[in-house]
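Notes for the one structure printed next.
The residues of the chain are indexed from 1 along the displayed sequence. We use all heavy atoms of the structure for the numbers below, so side chains are in, but hydrogens, waters and symmetry mates are not.
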Amino acid sequence: MKDADAVRRAHDVFDPLCDKLFARPNVDIGPMFGSEGVRVLGKVFAFVAGRGELVVKLPSDRIDTLIDDGVGSRMEMRGRVLREWMHVDLDHADQWESVMNEAHDFVRSITVRPDRRTAEREDHR
């Protein structure tokens with residue numbers, strides 16, 4: 001169930017952080033789970049969910065640590081726990097910038113950017 005007021009409050013925090021991230025190479029905005037998320041190299045790494053919480057993609061062991069610290073919880077979708085996605089509630093908005101930066105770095109590190117020359121060679125085959 002969507003909470004419009006919580007989403008608005010979350011965007012009051014999220015949007016300025018996105019503006020900082022947009023200064024980095026290959027960072028933009030795109031669709032994710034019915035919302036708009038911030039992406040690097042075309043892959044979403046953070047977005048605001050319908051209940052006003054930040055959702056980020058991080059390594060599973062880092063999520064375990066953040067959960068142990070009481071910062072958030074794993075994301076669940078249709079009864080399935082997503083290993084590399086977590087919720088961080090607005091109560092922990094002071095953590096949002098650091099986890100968004102970590103999520104950016106993580107997703108950038110696991111996203112392969114095709115070499116243009118390789119792509120051009122494949123186009124000519």
Side-chain angles (χ1 to χ4, degrees):
M1 184 175 351
K2 194 163 187 164
D3 181 340
D5 185 53
V7 170
R8 181 194 52 76
R9 288 190 324 255
H11 274 285
D12 288 346
V13 176
F14 181 76
D15 293 351
L17 298 175
C18 289
D19 289 341
K20 289 181 181 182
L21 289 163
F22 293 147
R24 297 181 183 190
N26 305 305
V27 175
D28 64 3
I29 199 150
M32 182 64 164
F33 297 133
S35 182
E36 285 192 327
V38 62
R39 308 183 298 188
V40 62
L41 296 170
K43 303 292 183 183
V44 172
F45 62 88
F47 65 95
V48 171
R51 292 182 302 220
E53 68 270 42
L54 173 67
V55 178
V56 290
K57 183 176 178 83
L58 293 168
S60 184
D61 59 339
R62 177 63 177 136
I63 291 174
D64 290 340
T65 300
L66 290 166
I67 291 170
D68 289 346
D69 291 344
V71 173
S73 60
R74 286 197 188 274
M75 182 176 178
E76 229 179 278
M77 188 172 220
R78 297 183 186 119
R80 181 175 165 243
V81 175
L82 303 180
R83 187 173 54 89
E84 293 183 332
W85 288 95
M86 76 174 296
H87 295 276
V88 182
D89 293 331
L90 197 52
D91 293 343
H92 296 287
D94 61 323
Q95 301 285 320
W96 284 20
E97 185 169 16
S98 64
V99 296
M100 287 175 71
N101 286 327
E102 285 183 62
H104 166 274
D105 294 348
F106 173 61
V107 171
R108 190 189 64 193
S109 76
I110 63 170
T111 303
V112 177
R113 185 170 186 187
D115 181 315
R116 288 184 182 173
R117 286 174 282 168
T118 302
E120 288 172 2
R121 280 192 299 254
E122 291 174 1
D123 288 343
H124 293 295
R125 289 184 184 175

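Hydrophobic clustering places Val48 together with Val38 (ILVMFWY residues linked when any side-chain heavy atoms are closer than 4.5 Å, directly or through intermediates). When hydrophobic clusters are built by joining Ile, Leu, Val, Met, Phe, Trp and Tyr residues whose side-chain heavy atoms come closer than 4.5 Å, directly or via intermediates, Phe22 is grouped together with Leu41. Under the 4.5 Å side-chain heavy-atom criterion for ILVMFWY residues, a single connected hydrophobic cluster contains both Met75 and Met32. Side-chain heavy atoms closer than 4.5 Å link hydrophobic residues (I, L, V, M, F, W, Y) into clusters, and following such links, even through other members, never connects Ile110 to Val55. Connection of Phe47 to Val13 is not established within any shared hydrophobic cluster, with ILVMFWY side chains joined at heavy-atom distances below 4.5 Å, either directly or through further cluster members.
The minimum heavy-atom distance between Val44 and Gly30, with the atom names listed, is CG2-O, 4.4 Å. Nearest heavy atoms, Ala10 versus Gly52: CB-O, 3.2 Å.
Tested against Ile63 for a side chain to side chain contact (heavy atoms under 4.5 Å, CB included), the candidates Leu82, Val99, Leu58, Val71 yield a single pass: Leu58.
Contacts of Asp61 classified as side chain to side chain contact (heavy atoms under 4.5 Å, CB included), with partners at least two apart in sequence or in another chain: Pro59. For Arg9, the side-chain hydrogen bond (donor to acceptor under 3.5 Å, both in side chains) partners at least two apart in sequence or on another chain are Asp5. With sequence neighbours excluded, the residues that form a ring-ring contact (aromatic ring centres under 6.0 Å, His included) with His104 are Phe45.
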Legend entry - Verdict with reasoning, Asp3 to Arg8, per salt bridge (Lys or Arg N to Asp or Glu O under 4.0 Å): CA-CA 9 Å; Asp3 181 340; Arg8 181 194 52 76; over 6 Å; no
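For the atom pair CG of Leu54 and NE2 of His11, the computed distance is 10.0 Å after rounding to the nearest 0.5 Å. Note: Ser98 OG to Leu17 CG = 9.5 Å, rounded to the nearest 0.5 Å. For the atom pair Leu66 CG and Glu102 CD, the distance stands at 6.5 Å (nearest 0.5 Å).
Within the structure, salt bridge (charged side-chain N to carboxylate O under 4.0 Å, His left out) pairs that include any residue of residues 25-34 comprise Asp28-Arg39 (at least two apart or interchain). Within the structure, salt bridge (charged side-chain N to carboxylate O under 4.0 Å, His left out) contacts touching residues 13-25 (residues at least two apart or in different chains) are Lys20-Glu97, Arg24-Asp105.
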Give every donor-acceptor pair under 3.5 Å between a side-chain atom in residues 83-91 and any protein atom, sequence neighbours left out.
from	atom 1	to	atom 2	distance (Å)
Glu84	OE1	Lys57	NZ	3.1
His87	ND1	Glu53	OE2	2.9

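Side chains of Val56 and Trp96 form no contact here, defined as non-hydrogen atoms less than 4.5 Å apart.
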